[in-house]
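Each remark here refers to the structure printed beneath this line.
Letters A, B, ... are given to chains in the order of the sequence lines, protein chains preceding strands, and every chain is numbered from 1.
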Amino acid sequence: MTGAGAGRGRSPAAPPPVFLERQSYRRRRLIDAARLLPILGATLFAIPLLWPRGQGEGVDPVPTSSASLYIFSVWAGLIVLSGLFGYLARGQERSDDGSSGGSSDGNGGGAGEPGDV
Amino acid sequence: MATVNVLIVVSLVYVAFLFAVAFIADRLAATGRSTWLRTPLVYTLSLSIYCTAWTFYGAVGYAARSGLEFVTIYLGPTLVMVGWWWGLRKLVRIGRSQRVTSIADLISSRYGKSNTLAIGVTVLAVLGVTPYIALQLQSITLSFSNFFEGQQVAHYNDTRMVLWVAAGLAIFAILFGTRNLDANERHHGVVTAVAVEAVVKLVALLAVGIFVVWGLAGGVGETLARIDESRIGTWQVDASRWAAITFLSAAAFVTLPRMFQVMVVENDDERHLRTAAWAFPLYMLLISLFVVPIAAVGLELMPEGANPDMFVLTLPLSQGREGLAMLSFLGGFSSATSMVIVAAMALSTMVSNHIVMPIWLSRRGGGASVSGDVRHLVLISRRIAIGVIMALGYFYFELSGGGAALATIGLVSFTGVAQILPALVGGLFWRGATRAGALAGLGTGFALWVYTLLLPGIGGGLVPESLLSQGLFGIGWLRPQALFGIEGLDPTVHAVMWSMALNTAAFCIVSLLSFPGPLERLQGAQFVNVFEHSAGPRGWTGSVAQSEDLMIMSQRIMGAGEAQDFFRREAQMQGVRGNLPEPTPAFLERLERKLAGSVGAATAHAMIGQIVGGSSVSVEDLLAVADESAQLLEYSSRLEAKSAELARTARKLQEANEKLTQISRQKDAFLSQISHELRTPMTSIRAFSEILRDTEGLSAEEKTRYAAIIHDETLRLTRLLNDLLDLSVLENGEVTLNMSTGALRDVLDRAVATALTGVERPLKVNRRRANEGIIVHSDLDRLAQVFINLISNAAKYCDAEKPELSISVHDLNGQVTVDFLDNGSGVPPEARAMVFEKFARVGSDQAGGAGLGLAICREIMHRLGGEVTYLSGQKGGAFRVTLTSAREKVAAQ
């Protein structure tokens with residue numbers, strides 16, 4: 001019985017198509033953006049490492065108030081973006097689950113993931 | 001000032017309130033009315049057990065000492081949550097599809113269900129989390145004593161306080177974490193209580209923050225100016241610490257047992273992650289928003305030498321804000337209690353599943369078909385584990401004297417559990433990660449953590465001073481805080497860097513060099529490609545498994561009712577009559593998953609392995625692992641499925657054939673039997689009537705005696721013919737039923753009385769009359785006939801020295817079952833299929849009767865809409881009568 005299930009998802013006769021329809025394409029790029037988000041966050045949070053600290057000669061150390069402002073702004077920005085991506089990608093899990101059940105829109109979602117990304 | 005009593009009463013009332021919340025949530029979940037309990041909001045709030053008392057009190061202290069560095073503790077988890085597409089989604093999917101019960105279970109499951117690894121992770125987790133629990137106890141105690149500063153309080157004593165707190169938390173955790181053994185390991189009550197506590201601590205911290213900014217400092221602008229003037233007014237964060245602690249907190253966020261518990265095990269719906277991805281970072285942002293202002297204002301207003309760890313509490317107190325201080329106290333109390341409860345629960349699950357159960361199983365030795373209820377054992381071991389863990393926390397507190405700054409202890413703990421990270425991440429993303437690699441990595445990381453951070457941290461009596469300054473055996477480059485001669489690093493950064501780097505290196509190198517076993521490779525493929533494999537691993541070829549042994553074992557773990565239900569459903573799915581399904585691989589795999597929910601993957605695997613006789617991986621799975629072409633795979637699996645189907649059909653045919661031959665043989669035997677039965681009375685009737693007719697001069701007594709013999713023989717003939725007639729009427733469906741309503745108890749009373757009159761050997765009948773009050777709607781005379789038959793069968797055939805019969809009645813949602821269990825040797829397995837057939841008799845005819853009784857019973861029950869079956873898996877003879885209760889009948893009409 002597993003043979004039948006596995007066979008339907010990836011039948012050897014039909015390899016995944018090279019081109020996707022526009023909607024699926026957009027959705028995958030959205031996921032890409034969501035995946036880049038933590039990298040962006042890590043980079044922005046690493047910027048304080050470059051700030052001068054302590055008592056250098058002729059260099060003013062960054063005051064804590066500005067530092068807080070920067071960190072909390074980046075933080076809030078990440079939260080907003082994360083919420084936005086989550087909202088836009090809310091149909092995504094369903095089509096991922098579709099690889100095990102019946103996928104609604106042909107071969108969107110995870111069926112051909114490794115080859116395509 | 002608040003008195004001791006007020007404070008204690010408030011705490012107790014608060015705890016009672018939490019009890020109520022948890023209790024109601026459990027109730028709602030049990031009745032299925034808990035949709036709001038499964039919202040993303042509750043999930044997000046439950047994640048907040050990440051914010052412990054360390055956050056609540058310690059963050060301000062941390063900020064007062066090192067400025068903005070405290071924020072790294074939250075930046076790491078924020079990045080993990082925001083990046084949920086990378087890791088958490090996969091983790092949660094795997095956790096749900098493999099029914100993982102803890103992080104140790106996940107690791108062991110990934111690396112071929114290895115119990116050694118599970119034990120390693122469990123030990124590491126217990127060692128890593130114990131200081132953390134001690135930290136919570138300390139913070140509760142500190143907050144109490146801060147309230148009483150300057151007061152003369154009789155009978156107050158820190159040590160005794162800690163003891164009480166620890167005992168109270170242990171009781172709460174035991175009450176709600178180990179009430180039942182759920183197949184999914186979910187605890188709605190605890191999660192809801194944790195969510196409520198999350199709100200309390202957020203509100204408390206925000207209230208103190210708002211009071212400080214607008215009440216004390218006089219607005220946002222003023223506050224920022226005050227911050228810049230304070231001791232922490234400039235950016236002085238050490239770069240290496242900033243990066244290392246961010247990484248560390250991200251790692252610990254995933255690997256902490258309590259986080260794993262709420263994030264993966266308690267997760268109801270994968271989509272909750274999408275909400276939590278922004279909501280939980282928001283929660284952490286709000287929690288840390290006012291930390292720096294409180295620290296700065298606290299440093300300014302509080303006297304020199306005041307403990308900054310307690311500013312959240314002491315600042316409102318010093319301003320005479322009793323109510324606010326009380327709220328803040330409750331917030332800290334919430335943070336500590338929720339963390340301790342969930343951590344103790346998670347750890348106890350690990351300890352019982354991976355240490356207690358395997359030891360117990362191996363000590364039993366004689367296989368998994370054991371006596372005694374294993375569920376009870378699991379629950380008891382979890383309860384004891386919770387007690388022991390809390391005791392460890394208490395002793396750590398006593399040992400360390402509770403002096404060190406809160407943040408330091410927290411970081412030691414984080415570094416410990418973070419050692420699981422390479423094995424975890426490698427297991428999720430790299431097919432080549434092996435068990436040996438994971439063991440090597442964990443071992444290396446663990447050793448380095450103990451050597452570079454834990455021992456120097458405890459310091460004092462445990463480690464000689466010379467070790468710190470001169471290194472192990474006096475070798476300079478082995479100094480715990482300057483390995484390989486690299487000096488000047490911060491101790492935490494040093495420990496994190498070396499332990500994680502060498503851990504990862506050992507993990508990768510050993511993985512590359514070693515070769516995984518088949519089960520490991522199979523599980524590896526399942527984990528790494530979880531989104532493509534929807535089916536679970538298939539590890540059993542069960543041709544030798546004995547369904548009955550499996551049944552006996554499952555009853556011990558899942559409970560009799562649930563196990564029988566599960567087996568019956570499986571049997572129905574396979575189209576097999578009766579209660580025992582064929583031990584197909586698919587069935588064994590489902591059974592293993594089901595058991596894994598109660599006792600963990602490795603244990604469940606071992607238990608089934610003991611019965612099935614060694615695990616094996618099917619050809620199909622090996623092909624999948626070897627990445628053979630999809631065509632070959634499909635073809636071979638189709639062949640395999642077909643051959644299995646053929647084998648099953650052949651077996652069924654064989655069974656049917658055997659049954660037919662047996663029936664034909666029985667019929668022949670019956671014909672000769674029936675002629676014999678008919679001839680014997682006939683002969684004596686003829687003989688005696690001839691005597692009566694021909695003999696002269698018989699005395700009146702003799703005449704009466706001969707006439708009585710003829711009468712008796714006629715009665716016997718009539719009875720036999722009646723039985724035959726009864727059966728044929730029943731079989732042809734011509735019977736009229738006299739339906740009436742009555743209590744089962746009365747029917748049983750009548751049946752027992754009738755069946756036991758005139759039996760040769762006394763039969764002791766055990767009944768529980770309280771259960772027998774069920775009202776049934778049926779033909780009560782016919783029902784009594786069935787009962788009489790079963791009871792007199794027991795009286796006739798039970799071969800025990802002192803025959804006993806237990807009659808037990810159960811009502812399972814309208815299905816009434818009446819079980820007749822005797823203490824004899826029961827029906828031999830080969831005869832079970834036949835007992836309900838006409839003319840069937842077990843063994844030689846020693847007790848008379850034509851073998852029609854059970855056949856009549858079966859027909860009667862069939863007409864009455866119930867059934868009578870033979871129960872396998874019991875010690876003696878066991879028959880079960882199933883019928884519907886009157887309530888159901890009415891509803892059905």
Roughly how far, to the nearest 0.5 Å, is CZ of A:Phe85 from CH2 of B:Trp278? 15.5 Å
Closest heavy-atom pair and its distance - B:Ala277, A:Ser82: O-OG, 3.3 Å
Interatomic distance, CG@A:Leu36 vs CH2@B:Trp86, rounded to 0.5 Å, equals 7.0 Å
For B:Ser288, is it the side chain, the backbone, both, or neither that has a heavy atom closer than 4.5 Å to a heavy atom of chain A? both
Shortest non-hydrogen pair, A:Trp75 vs B:Tyr74, comes out as CH2-CB, 3.5 Å
In this structure, which one of B:Leu282, B:Leu75, B:Leu79, B:Leu285 forms a side-chain contact (heavy atoms from CB on, under 4.5 Å) with A:Leu78? B:Leu79
For B:Leu289, which atoms come within 4.5 Å of any heavy atom of chain A: side chain, backbone, both, or neither? both
For chain A, find which of B:Gly83, B:Gly67, B:Ala279, B:Gly76 contributes the most heavy-atom pairs closer than 4.5 angstrom. B:Gly83
For the candidates B:Ser240, B:Ala225, B:Pro293, B:Pro281, which exhibits the highest count of non-hydrogen atom pairs separated by less than 4.5 Å from chain A? B:Pro281
If you count heavy-atom pairs under 4.5 Å with chain B, which of A:Pro48, A:Ala76, A:Ala67 comes out on top? A:Pro48
Nearest 0.5 Å please: distance from the OH atom of A:Tyr87 over to the CZ atom of B:Arg274. 10.5 Å
Measure B:Met284 against the heavy atoms of chain A and call it side chain, backbone, both or neither at under 4.5 Å. both
What part of A:Ile71 is in contact with chain B, defined as an atom under 4.5 angstrom from a non-hydrogen atom: side chain, backbone, both or neither? side chain
